[in-house]
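All values below come from the heavy atoms of this structure, side chains included, with hydrogens, waters and symmetry mates left out. By convention here, the first residue in the shown sequence is residue 1. Keep in mind that what you see is a predicted model, and the values were worked out from it rather than measured.
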Amino acid sequence: MRTATLGPAQRAESLAGMAERELDVLVVGAGVVGAGTALDAVTRGLSTGLVEARDWASGTSSRSSKLIHGGLRYLEMLDFTLVREALKERGLLLERLAPHLVKPVAFLYPLQHKGWERLYAGSGVALYDAMSMARGHGRGLPTHRHLSRRHALRVAPALKRDALVGALQYYDAQMDDARYVATLVRTAASYGAHVANRARVVGFLREGERVVGARVQDVEAGGEYEIRARQVVNATGVWTDDTQALVGERGQFHVRASKGIHLVVPKDRINSSTGLILRTEKSVLFVIPWGRHWIVGTTDTDWDLDKAHPAASSADIDYLLAHVNSVLSVPLTRDDVQGVYAGLRPLLAGESDATSKLSREHTVAHPVPGLVVVAGGKYTTYRVMAKDAVDEAVHGLDTRVAECVTEDVPLLGAEGYRALWNARARIAARTGLHVVRVEHLLNRYGSMAEELLDLIAADPSLGEPLHAADDYLRAEIVYAASHEGARHLDDVLTRRTRISIETFDRGTRSAREAAELMAPVLGWDTDQTEREVQHYEKRVEAERESQLQPDDLTADAARLGAPDIVPL
C-alpha cells in the first residue's frame, strides 16, 4: 500500500477528481468521525470523497482530553453497553490499529472515605478490567491495584496527605487527538479516497427530494465545485444542525454543544509518576501526563456562542485551578499555566438540561433520501460510529457492498512500528539523531518516521530543533505542509504540533521560523509569510484576552477579535 502525500498538488487533484465523476459516498466534515467514515467507505471498495471546511480535526477532535478510554464513570450510570463497546475499541487501537499513536496511561483515584468507598470504587474498577479482558482486548494494560495512603503518596507525592485515605490505580490509554485524525485522513487517502481540507460545503444538490451531492467552495484558491455522490454523510459534529439547515431539513434529532476547557502546565509543577482522576460535584477531573507537561481538565458547560473558536473564560480557568488545588500540597497558580484550550462536545439533546447528563451515545439517521447524518458519540468509539454511518449509506446504494473491515485495517505508520522501535538505537546511530529524538518521531509517525529521516538526510538543517520549541524538529514543520495537508501556520503550531499549548509564549516565538520553513512548500511569497505570522500573533493575543474575561459572553467577544486567515 502506498503512503498518501497530502501536499498542495494532491489537494488540487482531489478536488478536481471529486468533481469529475459521481462518487459513491461524499463525507462532509473531517473530524475523527468523518475521517473514520471515509476510511470505512473506501476500504469497502466505495469511491469516496472527504471535504472539510477548515483543517483536519480543527473542531472538537483536536480539543479533547486526549484519552482513549472505556468511560469508567459510565459504569456508575449502568451504561454497560457503551463501556463494553469503548473497551473493545481501546484494545483494538492499542494492540492492532494504532500502537504508534495510542499509549497506556496510569491514573490514581484518591479515596477519601474509609471502608465503603474502597469497596464501592474498587468493585467498579474491577468490573472495568474484567469487561476489558472478557472481550479479549485487555492485553497490554496492567490491571488495577489497591494502594494504601503511604504507597499512594510515594506514587504521587504532590497530593496533600489529608486529601486521601488510600487510592486505586488503574490504566486507560491516550493519544494526540489531532495527529490521530491527520493519520486517519492519510490512511483513507492511501486507499484511494479523495480528501480536501479548506473546502466548505455551501449547499446541497437536489433532485426532487433526493440529495445527490454538494456544492463545495475552495476556500484557498476560490471557485466552486459541484460534487455529485450517490450518498452524502453529514459528520459535522457540533455543526450538524447548521449543515442540516442547508438541506432545508432540521433533522430527526438536535445536537447541543457542551464546552470543556483544559489547562496545560509543566511537568515539574505536579510531583507525580501517575495521572490523577478526581471527583467534582458535576463530573470528574483528570490530571493527565502529556510529555513534559500535564493536562488538567475538564469543564462541562452549555455553549451557544461561536462554534469555530470556543473561548475559555477566567471563570473556567479558576474552576479547574480550584478543584485541582483542593488535593495538591503545592497549589497551581495562573503563572503555572502554559496553555489553555477549549473544545465543544457534540451531545444529543436529552431530557435533562445539564450537559453532563446528555447522551454520549451516537445516532445515525437518514432524514432525506441520499443524506445520512451521524452525531453524538465519543472519540474512542469513532470507528463504530463510522461503520454505522456507512452501513446506513449502503442501504441507499442499491448494490452489494462488502462488510466493514476497519477492525483489521491498521493506520499508516502502525505496520513495522514495533520493529523500528526495537531498532531505535541503531536508527539513532545511523542518522546522528539522539535516541530520544528517534523515539519522539516513532511515537508521532510510526514507520512513516523514515520519511522524515529522508528529509533530514537531504537537508541536515532539518534535523535541528526549532529554536523556541525544541521538542520538535524543523523537519516536522516541513513534513506537515508537504505530507499532512497543513495549509497555514495555525494548522502546524496548533494541530500538527502542540507548540501553541506547550510553550509559555503560545508559539509566537516559533511562528516566524515555522512560517519560513512552510513557505517554499506552499509557494508563499514574503507578503503571505508575513500575513501568516501576523495572523497567528493576533490569534494568540485574542485568546489571551479572552482568558481574562469573567464570563462566556465577554470571552467569546474577545476571541472573535482575531478573524480566520483567508489567503489573498
*Charged N-O contact under 4.0 Å between Glu220 and Arg11*: no

*asked:* I'd like to know whether CZ of Arg426 has more than 12 heavy-atom contacts from other residues, nucleotides or ligands below 6.0 angstrom.
replied: no

*N/O donor-acceptor pair under 3.5 Å between Thr5 side chain and Gly7 backbone*: no

*Which atom names give the shortest non-hydrogen contact between Gln169 and Ala106, and what distance separates them?*
NE2-CB, 3.9 Å

*Going by the salt bridge (Lys or Arg N to Asp or Glu O under 4.0 Å) test, which pairs reach into residues 462-471, not counting sequence neighbours?*
Arg292-Asp470, Arg292-Asp471

_Assess whether a salt bridge exists between Glu392 and Lys387, defined as any Lys/Arg side-chain N lying under 4.0 Å from an Asp/Glu carboxylate O._
no

*Please check if the side chain of Asp306 supplies one atom and the backbone of Pro310 the other of a donor-acceptor pair under 3.5 Å.*
no

*When you measure from the side chain of Ser64 to the backbone N and O of Ser61, does any donor-acceptor pair fall under 3.5 Å?*
no

*Which atom pair, heavy atoms only, marks the closest approach of Ser62 to Arg495?*
CB-CG, 3.9 Å

_Any residue meeting side chain to side chain donor-acceptor pair (under 3.5 Å) with Arg559, in chain and number order, not counting sequence neighbours_ = His309

*Spell out, as yes or no, whether a donor-acceptor pair under 3.5 Å connects the side chain of Ser273 to the backbone of Val155.*
yes

*For this output row, return yes or no: ring centroids of Phe107 and Tyr171 closer than 6.0 angstrom.*
no

*asked:* So, using side chain to side chain donor-acceptor pair (under 3.5 Å) as the criterion, who are the partners of Asn443 when residues are at least two apart?
replied: Lys103, Tyr417

_Under a plain distance cut-off of 3.5 Å, with no hydrogens placed, do Gln528 and Arg531 share a side-chain donor-acceptor pair?_
yes

*Output, in order, the C-alpha distance, side-chain angles, deciding distance and verdict of salt bridge (charged side-chain N to carboxylate O under 4.0 Å, His left out) for Arg215 and Glu224.*
CA-CA 7 Å; Arg215 287 187 292 110; Glu224 197 169 283; 3.3 Å; yes

Throw together a table of side-chain donor-acceptor distances under 3.5 angstrom for residues 472-480, partners on residues two or more places apart or in other chains.
| from | atom 1 | to | atom 2 | distance (Å) |
| --- | --- | --- | --- | --- |
| Tyr472 | OH | Arg498 | N | 3.2 |
| Tyr472 | OH | Glu502 | OE1 | 2.8 |
| Arg474 | NE | Ser461 | O | 3.1 |
| Arg474 | NH1 | Glu513 | OE2 | 2.9 |
| Glu476 | OE1 | His440 | NE2 | 3.2 |
| Glu476 | OE1 | Arg444 | NE | 2.7 |
| Glu476 | OE1 | Arg444 | NH2 | 3.3 |
| Glu476 | OE1 | Tyr445 | OH | 2.9 |
| Glu476 | OE2 | His440 | NE2 | 2.9 |
| Glu476 | OE2 | Leu473 | N | 2.9 |
| Tyr479 | OH | Arg186 | NH1 | 2.8 |
| Tyr479 | OH | Arg186 | NH2 | 3.4 |
| Tyr479 | OH | Glu451 | OE1 | 2.4 |

*Just wondering, more than 12 heavy atoms not from Glu415 lying within 6.0 Å of its CD?*
no

*Do the ring planes of His69 and Phe286 sit parallel (below 30°), tilted (30 to 60°) or perpendicular (above 60°)?*
perpendicular

*salt bridge (Lys or Arg N to Asp or Glu O under 4.0 Å) involving Asp388 - partner list, sequence neighbours excluded*: none

_salt bridge (Lys or Arg N to Asp or Glu O under 4.0 Å) contacts in which one or both residues fall within residues 15-39, not counting sequence neighbours_ = Asp24-Arg230

*Okay, side chain of Glu532, backbone of Leu489: is any donor-acceptor separation there less than 3.5 Å?*
yes

*asked:* So, using ring pair (Phe, Tyr, Trp, His ring centres under 6.0 Å) as the criterion, who are the partners of Tyr536 when residues are at least two apart?
replied: none

_Tell me whether Thr48 contacts the main-chain N or O of Leu46 through its side chain, where contact means a donor paired with an acceptor under 3.5 Å._
yes

*Name all residues meeting the salt bridge (Lys or Arg N to Asp or Glu O under 4.0 Å) criterion together with Glu541; count only those two or more places apart in sequence or in a different chain, and write none if there are none.*
none

*Sequence-distant partners of Asp172, salt bridge (Lys or Arg N to Asp or Glu O under 4.0 Å), two or more places apart*: Arg90

_Qualifying residues under side chain to side chain donor-acceptor pair (under 3.5 Å), relative to His262, sequence neighbours excluded_ = Ser65

*salt bridge (Lys or Arg N to Asp or Glu O under 4.0 Å): which pairs involve residues 37-50, sequence neighbours left out?*
Asp40-Arg44, Arg44-Asp391

*Are the charged groups of Glu484 and Arg179 less than 4.0 angstrom apart, N to O?*
yes

*Could you pull out all residues at least two apart from Glu439 that satisfy side chain to side chain donor-acceptor pair (under 3.5 Å)?*
Arg424

*Look only at the side chain of His488 and the backbone of Asp490, and say whether a donor-acceptor pair between them is shorter than 3.5 Å.*
no

*Is it true that atom NZ of Lys267 has more than 12 heavy atoms of other residues, nucleotides or ligands lying nearer than 6.0 Å?*
yes

